[in-house]
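See structure below.
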Amino acid sequence: MYLKKLGINGFKSFASPVQLEFTPGISAIVGPNGSGKSNITDAIRFVLGEQSTKSMRSHRMDDIIFSGTDKVRQKGACEVTLVLSGEDGESERVISRKLFRTGESQYRINGRTVRLRDIQESFRDTGLGKNGYSMVSQGGIESIVSAGPAELRAIVEEAA
Amino acid sequence: MYLKKLGINGFKSFASPVQLEFTPGISAIVGPNGSGKSNITDAIRFVLGEQSTKSMRSHRMDDIIFSGTDKVRQKGACEVTLVLSGEDGESERVISRKLFRTGESQYRINGRTVRLRDIQESFRDTGLGKNGYSMVSQGGIESIVSAGPAELRAIVEEAA
Amino acid sequence: MEERFSERFALLQSAFSRIFTRLFEGGTARLAYTNPEDILGSGIELTAQPPGKNLRHISLLSGGEKAMTAISLLLAFIQINPAPFCIIDEIDAALDDSNIMRFTNYLDEIREENQFIIITHRKTTLRICERIYGVSMNRDGISRLVAVEVSDYTEESESGQTTA
Amino acid sequence: MEERFSERFALLQSAFSRIFTRLFEGGTARLAYTNPEDILGSGIELTAQPPGKNLRHISLLSGGEKAMTAISLLLAFIQINPAPFCIIDEIDAALDDSNIMRFTNYLDEIREENQFIIITHRKTTLRICERIYGVSMNRDGISRLVAVEVSDYTEESESGQTTA
Ligand SMILES: Nc1ncnc2c1ncn2[C@@H]1O[C@H](COP(=O)(O)OP(=O)(O)OP(=O)(O)O)[C@@H](O)[C@H]1O
Ligand SMILES: Nc1ncnc2c1ncn2[C@@H]1O[C@H](COP(=O)(O)OP(=O)(O)OP(=O)(O)O)[C@@H](O)[C@H]1O
Ligand SMILES: [Mg+2]
Ligand SMILES: [Mg+2]
């Protein structure tokens, strides 16, 4: 099972919809400082049901919707869609989350509206849950390096 | 006035004496991780009279003397010599500091034994004193970035 | 519950030590309870001994040695707790090019069982990447994707070797 | 005493704003008292607006934007408080190659009055360096200097341009 496609629309600096397709192996994302690379990581956390704005480097939930510039108006909602390839004859899984400025989130699995709990359940068997270290934020390595004994314990308990 | 030469002997990983000569313009120091580049910066702090082991990334004063490996015996002392070019007809200034494992430090200016206070005095007029930001440690930029308001004030008061 | 953590921790300890020695091409490292008498409440600390050097707490290593040690721990988490994909954002910032080579060689070996998406500014990291997405932003503040020629990046890697 | 600090701070504020706009090729930034009513006790904070973006606290910028903002402050310190030399240890870690170009262009302009000694792993940084010292360490744990051919490093810089 691997991350096959990622669609981002209206999330942070991605005012226009973009679609990324990844290989089962190793892909890279490059670009200048401030261009939006780490925002892609935040988008993946978002679609997997992240509830903490802090882990998406934001203060309030609506900070993650495209906030507009002097040339372009802000968006009313953002939507991220993630396609996980099938495994052992299973078919693909399409997960999406749409957040409105009102604060309401809509979750879908394969087009069917579900609750946040179902998204989290759906991942428990894939190993994409809160455990594990499948996403290392910018500065994440530095955090491990500077972690005191209690902090490192917390990291190990969460990841191991 | 500029840093013309730097001699390091017995300081941290520099068990054998090395001599660096710099241009008045821009020089670089490169090399693999752990090879000793940041130790060169520590050596410059040392010869300028640094009293805080913490700013030289050490716990105790004798941590900065070559501590030996299973192949090479530890040293009994370390010595760093810095040559500042002359300015406006002034001649060069040669500053050196030798630290013995006993904890005793010997300071010299142009070969003449002086006290730490004379070293610090000698720099006040050059702009090499505690003020200013003439040395940025590894991670120094990150410290500015993550400094809270009180911390940033302290940085500004020291450097401005 | 506690026994479960002890088992997992033991697996992690041995994975970490093995991966460290592999990434550093020698040396040893330990992930240990600070207080083995009190496994329930104890903190955990990293000590490492790069080849030819003395064993020291991670805080006393050089910048890049610290990063490589933390990366070894990260790879140990991935080994004992595999996930469908792993996204890493600029973890090579403190590494010299030869350490990037060692790190990417390891990723290359485990790529069959692990998908990696790597955000990086370092050319040397790109040599193991099959696909490269470029992100750019004009003065309008909107992020867009751009096509990136893998050859622009891999003909002359930072270490000066041709790798395309 | 306080007046002295206010004067120095005013000089620093304008140097910082000017250098930021220069390094970012646009945009604005401010170094300000968090509490202007209480200059004696107030903290100080950085807010920045890269070109085309909104003004925000430094903590909300991207990794490289944060670094460039801090570097602007550093260069402002150097401008108002010149020293015979300035040693900088891996301050380019978070920068993309085009920001390294902008930063090194600036250093190049002030090199007449300022000596810089730069520790770096980034090839692009080396293009403005007249002399390069290599440091290496064998398994015996002893640091040695090695001669470095400037051409090894500058024939093909990271940005793919020939710069030797
Ligand atoms: N809600 C939003 N609306 C519009 N733009 C946003 C929003 N949130 C963040 N941004 C913009 O996204 C940009 C940051 O992007 P990101 O952190 O992904 O950069 P990056 O490519 O990772 O850069 P670096 O290489 O420096 O780490 C900032 O310029 C910020 O202004
Ligand atoms: N007193 C000492 N005796 C012997 N070796 C020492 C001593 N103090 C430090 N070292 C060694 O110096 C090395 C660290 O060097 P330094 O921090 O200068 O590396 P660096 O070249 O800056 O690496 P990086 O690129 O990772 O920042 C360590 O390997 C450490 O073991
Ligand atoms: Mg980023
Ligand atoms: Mg270093």
Side-chain angles (χ1 to χ4, degrees), chain A residues 1-3 12-16 18-41 44 66 68-69 71-72 84-85 87 126-128 131-142 144-146 148-153 155-157 159-160, chain C residues 5 8-9 11-12 31 34 42-46 58-59 66-67 69-71 73-74 77-78 80-91 93-94 107-108 111-112 115-121 125-126 128-137 139-146 148 153:
Chain A
M1 178 182 296
Y2 65 95
L3 199 174
K12 291 201 170 189
S13 56
F14 289 89
S16 333
V18 301
Q19 174 103 292
L20 295 98
E21 297 192 29
F22 298 107
T23 76
I26 306 179
S27 311
I29 298 173
V30 301
N33 294 130
S35 57
K37 305 180 298 296
S38 299
N39 288 346
I40 293 172
T41 313
I44 295 172
F66 178 73
T69 66
K71 300 192 177 61
V72 185
L84 282 174
S85 74
E87 205 177 33
T126 66
L128 263 178
N131 276 6
Y133 235 73
S134 50
M135 306 192 61
V136 186
S137 300
Q138 202 166 350
I141 289 298
E142 288 72 12
I144 292 177
V145 164
S146 59
E151 214 180 326
L152 192 57
R153 167 123 198 185
I155 289 171
V156 166
E157 282 184 343
Chain C
F5 178 76
R8 299 294 292 164
F9 188 57
L11 280 173
L12 182 68
L31 181 70
T34 46
S42 174
I44 288 171
E45 64 182 2
L46 284 161
I58 187 176
S59 56
K66 285 172 174 170
T69 303
I71 289 169
L73 182 61
L74 171 72
F77 288 144
I78 291 170
I80 71 165
N81 218 353
F85 56 83
C86 182
I87 313 223
I88 49 187
D89 196 342
E90 289 185 36
I91 72 173
L107 290 192
D108 211 12
R111 82 197 296 155
E112 293 299 307
Q115 178 190 32
F116 287 98
I117 295 165
I118 306 177
I119 298 175
T120 184
H121 291 300
T125 302
L126 298 176
I128 51 155
C129 299
E130 306 151 298
R131 184 167 300 187
I132 302 179
Y133 272 105
V135 186
S136 76
M137 187 187 280
R139 301 242 157 165
D140 60 3
I142 298 177
S143 293
R144 294 183 171 83
L145 296 183
V146 294
V148 170
Y153 281 85

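In what follows, every chain begins at residue 1, and chains take the letters A, B, ... in the order their sequences are listed.
Atoms CD1 and CD1, on Ile144(A) and Ile58(C) in that order, are 8.0 Å from each other to the nearest 0.5 Å. Arg131(C) CZ to Thr23(A) OG1: the interatomic distance, rounded to the nearest 0.5 Å, is 6.0 Å. From Met137(C), atom CE reaches atom CZ of Phe14(A) across 7.5 Å, with rounding to the nearest 0.5 Å. Atoms CD1 and CE, on Ile117(C) and Met135(A) in that order, are 8.5 Å from each other to the nearest 0.5 Å. Gln115(C) CD to Ser27(A) OG: the interatomic distance, rounded to the nearest 0.5 Å, is 6.0 Å. Between the CG atom in Leu74(C) and the OG atom in Ser134(A) there is a gap of 10.0 Å [rounded to 0.5 Å].
Across all their heavy atoms, Phe85(C) and Leu3(A) have their closest contact at CD2-CB, 3.6 Å. Listed here is the closest heavy atom pair of Ala159(A) and Asn81(C): O-ND2, 3.0 Å. Here the closest heavy-atom approach between residue Glu21(A) and residue Tyr133(C) is recorded as N-OH, 2.6 Å.
Evaluated for a side chain to side chain contact (heavy atoms under 4.5 Å, CB included) with Leu73(C), the options Leu152(A), Val145(A), Ile141(A) yield exactly one hit, Leu152(A).
Heavy atoms closer than 4.5 Å to chain A are found in the side chain of Leu12(C), but not in its backbone. With a threshold of 4.5 angstrom between heavy atoms, Ile80(C) approaches chain A through side-chain atoms but not through N, CA, C or O. With a 4.5 angstrom heavy-atom cutoff, Glu45(C) touches chain A only via backbone atoms. Residue Leu11(C) does not touch chain A at all, counting heavy-atom pairs closer than 4.5 Å. Residue Glu151(A) does not touch chain C at all, counting heavy-atom pairs closer than 4.5 Å. Only the side chain of Lys71(A) has a heavy atom closer than 4.5 Å to any heavy atom of chain C. Heavy-atom distances place both the backbone and the side chain of Pro32(A) under 4.5 Å from chain C. Heavy atoms closer than 4.5 Å to chain C are found in the side chain of Thr69(A), but not in its backbone.
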Please determine whether side-chain contact (heavy atoms from CB on, under 4.5 Å) holds for the pair Cys129(C) and Ile26(A), giving the CA-CA distance in whole Å, both sets of side-chain angles, and the decisive distance to 0.1 Å.
CA-CA 5 Å; Cys129(C) 299; Ile26(A) 306 179; 4.0 Å; yes
From CA spacing to verdict: side-chain contact (heavy atoms from CB on, under 4.5 Å), Thr120(C), Val30(A)
CA-CA 6 Å; Thr120(C) 184; Val30(A) 301; 4.3 Å; yes
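Of the listed residues (Gly139(A), Ser16(A), Ser38(A), Ser137(A)), the one with the most heavy-atom contacts under 4.5 Å to chain C is Ser38(A). Counting heavy-atom pairs closer than 4.5 Å to chain A, the top-ranked of the candidates Glu90(C), Arg8(C), Arg144(C) is Glu90(C). With chain A as the partner, the residue from Thr34(C), Leu145(C), Ile91(C) showing the most heavy-atom pairs under 4.5 Å is Leu145(C). For the set Val135(C), Val146(C), Thr125(C), the count of heavy-atom pairs under 4.5 angstrom toward chain A peaks at Val135(C).
By the 4.5 Å heavy-atom criterion applied to side chains, Asn33(A) and His121(C) are counted as neighbours. With a 4.5 Å cut-off on side-chain heavy atoms, Phe9(C) and Glu157(A) do not count as touching.
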